[in-house]
Amino acid sequence: MIDLHLVRDDPRRVKAALARRGIPPEEVDAITRLDGMHRAALKRQETLRAQVKRLSREVGGKRHAGDAEGAAALADESRRVGEEEREAAQEVDRLAGDLRDLLLVMPNLPAEDVPDGAGPEDNVILRHWWPGREGGTPEPVPGEHQRVPHWDVGSRLGILDMPRGARLAGSMFPLYRGDGARLLRALTSLALSRHADAYEEIRPPTLVLTETMVSTGHLPKFADEAYHIERDGLWAIPTAEVPLTSMHRGEILEEADLPVRLTAVSQCFRREAGAAGRDTRGLLRVHEFEKVELFAYATPAQARALHADILARAEGLLRDLALPYRVVDLCTGDLGTSSARTFDLEVYAPGSDRWLEVSSVSWFGDYQARRANVRFRPAAGGPPVLVHTLNGSALAWSRVWAALVEWGRQPDGSVRLPDVLSPWFGPEPTIRPR
RNA sequence: GGAGGGAUGGCAGAGCGGACGAAUGCGCGGCUCUUGAAAAGCCGUGGGACUCCGGUCCCCGUGGGUUCGAAUCCCACUCCCUCCGCCA
C-alpha cells in the first residue's frame, strides 16, 4: 500500500508519480476525499464514545453512593448516546472499508530512476552477457542443430512429456522424466547451495491464507491469476515471495537483525488467465513450475545494496550455466503493481528463438511491508519503522531448463550440459537418448 | 475426526462486570550509591489512529452479541497443549 500520510501531505507528488504508471489524478483525489470523510466520521464517533465512557463511570459512582435514581437517569442518557455512537461507528467502518478498497488496488510509486514507458516495448536493455564475453569472444550464433525447440528435444530424449502432463492436469502442466527431472533437482540443489553463504534456506507452505496473498499485492487485484481452493480458503502461491513476505507479518524486528536474507525453493502456480493462446508451446508459459527465490527484509538504507546483491546472484547463476542473457530495466508501464524498481533477466533460447524471462529482481520499498505490517525498531531509538522488502528469482527453472536443452543440443541429438552440473551428471555432463 | 484444557504487555503470570492499558516478578533503559563492577534503592519501559498538540479513541487470540459500562458474561471461529482415532 502507498502511504496515506504522503497522499495527505504531498498529493501532487503522489499524482505525478502515479501518472507515470497511467493512473489518472482523479483516483488520488478520490482517496483524499474518502480520507477526509473517514477522519470526520471518526472524530464524531470518538467524541460520542468518550461521552458514553464518562457517563458509564458516573453511573458506577452514583450506584456506589446509593443514588439508584440518579444512576438510572444517567444510564438512560448513556444508552441514548450509545445508540448514536453505534450509528457513527457503522459510518466509520463503511468509510474505512471503502478507503481500504481503494488503497489496496493502488500501485506502488515507481522509483525516480525507472524509465518512462507504456509497456514492455519501452523497457530498457541495460546489458548483454554471453560466455567468454569478457575475454572478447563474439556473441554466439546458434548452429542449425541448436535451432530445435525444447519441446521437440525433450520429447525425443524422453525427458519432457507434455502430453502426459496434460492427461494429469490439463495443458501447460509439464511432466519431466528421467534426466529431465534430475536436471530440475540439480538446478535447485546448485542454487540453494550457492546462496547458503548469506541467505537462510526456508521451505514454506505452498498453500496460504488470503491475508498472505494480500500482503504481497497479489490480492485483491489479481485474484484471477491465482489458483484458489475455496473449501479451505487457501491459495496456491505464484512465487515463494508470498510466504516469505508474510513470514514476519505483524512483527517488529530489531535493527541489529536486519537485513534478514532468505532463500526458498517452491512450486509456483499461475493461472495465466490473461495470456490465453500466447506462448503456449512447451515450457514457455506453464501453470506450474519450480523456482528458487531470494528474499530480504531490510532497512531503507540497506535496500539498494541488497537489490544489487540479489541481481548479482541471479546473474552469477546464469553465468555458471553459460546461458547468454540480457538485463532489462522495466519501464513504468511494465513494472509490477507492488514494485518500485525491477530488473528482469532474460535468457535467449535459440530453438524457440525467444528471450525468456527467468528472473525478476524487485525492490518494493515499504509498499508490501505496510500491507504485511512488518517493522523494525531503530537502534537509535524512536518509533518502529516499516522495513523494505526485496526479492528476485534465482532462478525460474522451467525456462532455464528450456534454454539449457536448446543451447546444449549437439548435432547427434544429445544435450551437453554446463560443467557446473557435473556433480549430478558426471564429468562430461550429457543427456543422451534412453 | 472425537474428548478435554488453554490464548492477557519482551517473557512469566494475576485479574473473572465499574477509575484496568491492566497487579506482581523477570528482562530492558536511565539515575543514585561505588575507584570500578556487583548488590541495593529510585524512576522509566507495548502498539496504533485522530488531534484545535490540551488531549480523545482503539487494541487483553479473531469476529459478533449482551450491558449504562466487558480483559471479565454469551455465541462463532482460529491457533496452541493433552488424550483417543486415522494417516505419509
Side-chain angles (χ1 to χ4, degrees), chain A residues 1-9 31-104 203-215 229-235 243 246-258 260 267 297 366 369-387:
Chain A
M1 256 179 330
I2 58 171
D3 184 1
L4 185 55
H5 291 97
L6 184 63
V7 177
R8 264 178 222 160
D9 298 343
I31 290 176
T32 308
R33 200 177 325 115
L34 261 179
D35 177 44
M37 290 166 69
H38 173 249
R39 278 194 289 170
L42 188 63
K43 197 169 167 180
R44 177 174 140 76
Q45 189 228 328
E46 288 189 354
T47 306
L48 291 167
R49 179 81 186 142
Q51 276 182 51
V52 170
K53 287 179 74 163
R54 184 174 51 78
L55 287 167
S56 295
R57 269 195 292 263
E58 285 173 18
V59 171
K62 292 238 186 233
R63 194 162 282 176
H64 274 288
D67 179 3
E69 241 173 67
L74 279 177
D76 278 349
E77 191 187 346
S78 179
R79 188 183 301 115
R80 277 197 307 278
V81 181
E83 271 159 29
E84 259 189 275
E85 189 266 343
R86 193 173 237 161
E87 281 170 30
Q90 278 175 8
E91 180 71 356
V92 170
D93 287 349
R94 191 180 65 76
L95 289 166
D98 290 352
L99 182 59
R100 186 174 161 78
D101 288 348
L102 279 189
L103 282 170
L104 279 179
R203 209 48 101 91
T206 311
L207 300 178
V208 299
L209 300 171
T210 299
E211 214 181 332
T212 305
M213 290 282 280
V214 170
S215 291
I229 299 170
E230 203 158 341
R231 179 200 288 259
D232 299 291
L234 294 168
W235 301 79
S246 284
M247 205 170 114
H248 289 292
R249 186 168 69 218
E251 293 184 29
I252 301 175
L253 307 170
E254 294 302 325
E255 182 168 2
D257 294 333
L258 294 173
V260 173
Q267 295 300 117
Y297 299 96
D366 60 17
R370 185 170 291 106
R371 296 167 85 108
N373 193 24
V374 184
R375 293 166 292 170
F376 72 95
R377 213 178 285 284
V385 175
L386 290 167
V387 301

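Bear in mind that the values here come from a model prediction, so they are computed numbers and not experimental data. Per chain, numbering begins at 1; letters A, B, ... match sequence-line order.
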List, with names and distances, any nitrogen or oxygen atoms from the protein found under 3.5 Å away from nitrogen or oxygen atoms belonging to nucleotides 71-76 of chain B.
none

Rounded distance in Å between the C1' positions of B:U45 and B:C50: 25 Å
Spacing of the P atoms in B:G69 and B:C58 (rounded, Å): 13 Å
Closest to side chain of A:Pro384, choosing from B:G46, B:G48, B:G69: B:G48
Proximal nucleotide (of B:U51, B:A49, B:G18) relative to the A:Val59 side chain: B:G18
Euclidean distance for C1', B:U8 against B:A88 (whole angstrom): 38 Å
Nucleotide forming a Watson-Crick or wobble pair with B:C86, both distances under 3.5 Å: none
Whole-angstrom distance between B:G46 and B:G10, as gauged at atom C1': 9 Å
Strand partner of B:U32, provided both Watson-Crick or wobble distances fall under 3.5 Å: B:A40
A:Arg8 vs B:C50: side-chain N/O to OP1/OP2 distance below 4.0 Å: yes
Closest to the A:Arg377 side chain, choosing from B:A19, B:C58, B:G47: B:G47
Spacing of the P atoms in B:G21 and B:C33 (rounded, Å): 37 Å
Pairwise C1' distance, B:G17 and B:C11 [rounded to whole Å]: 29 Å
Check nucleotides 65-67 of chain B for protein N or O atoms closer than 3.5 Å to its own N or O atoms and list the pairs.
residue, atom, partner, partner atom, Å
B:U66, OP2, A:Arg86, NH2, 3.0

Phosphate contact (B:U51 OP1 or OP2) by A:Arg39 side-chain N/O below 4.0 Å: yes
B:C58 phosphate, OP1 or OP2, under 4.0 Å from A:Lys53 side-chain N/O: yes
Who pairs with B:A76 - Watson-Crick or G-U, where each distance is under 3.5 Å: B:U62
Contact nearer the 5' end of RNA chain B, comparing A:Val52 with A:Gly382: A:Gly382
Main-chain N/O of A:Leu253 paired with A:Tyr297 side-chain donor or acceptor, under 3.5 Å: no
Where the chi angle of B:G54 falls, syn if within 90° of 0 and anti if not: syn
Phosphate-side-chain proximity, A:His5 and B:C50, N/O vs OP1/OP2 below 4.0 Å: yes
Identity of whatever pairs with B:A14 - Watson-Crick or G-U, under 3.5 angstrom: none
Criterion salt bridge (Lys or Arg N to Asp or Glu O under 4.0 Å) on A:Arg94 and A:Glu91, from CA distance to verdict: CA-CA 5 Å; A:Arg94 191 180 65 76; A:Glu91 180 71 356; 3.2 Å; yes
Greater than 12 external heavy atoms within 6.0 Å of A:Met37's CE: no
Test applied, side chain to side chain donor-acceptor pair (under 3.5 Å); reference residue, A:Glu85; option that passes from A:Arg44, A:Arg49, A:Gln45: A:Gln45
Contact under 4.0 Å: A:Arg375 side-chain N or O vs B:G48 OP1/OP2: yes
Rounded distance in Å between the C1' positions of B:A71 and B:C59: 11 Å
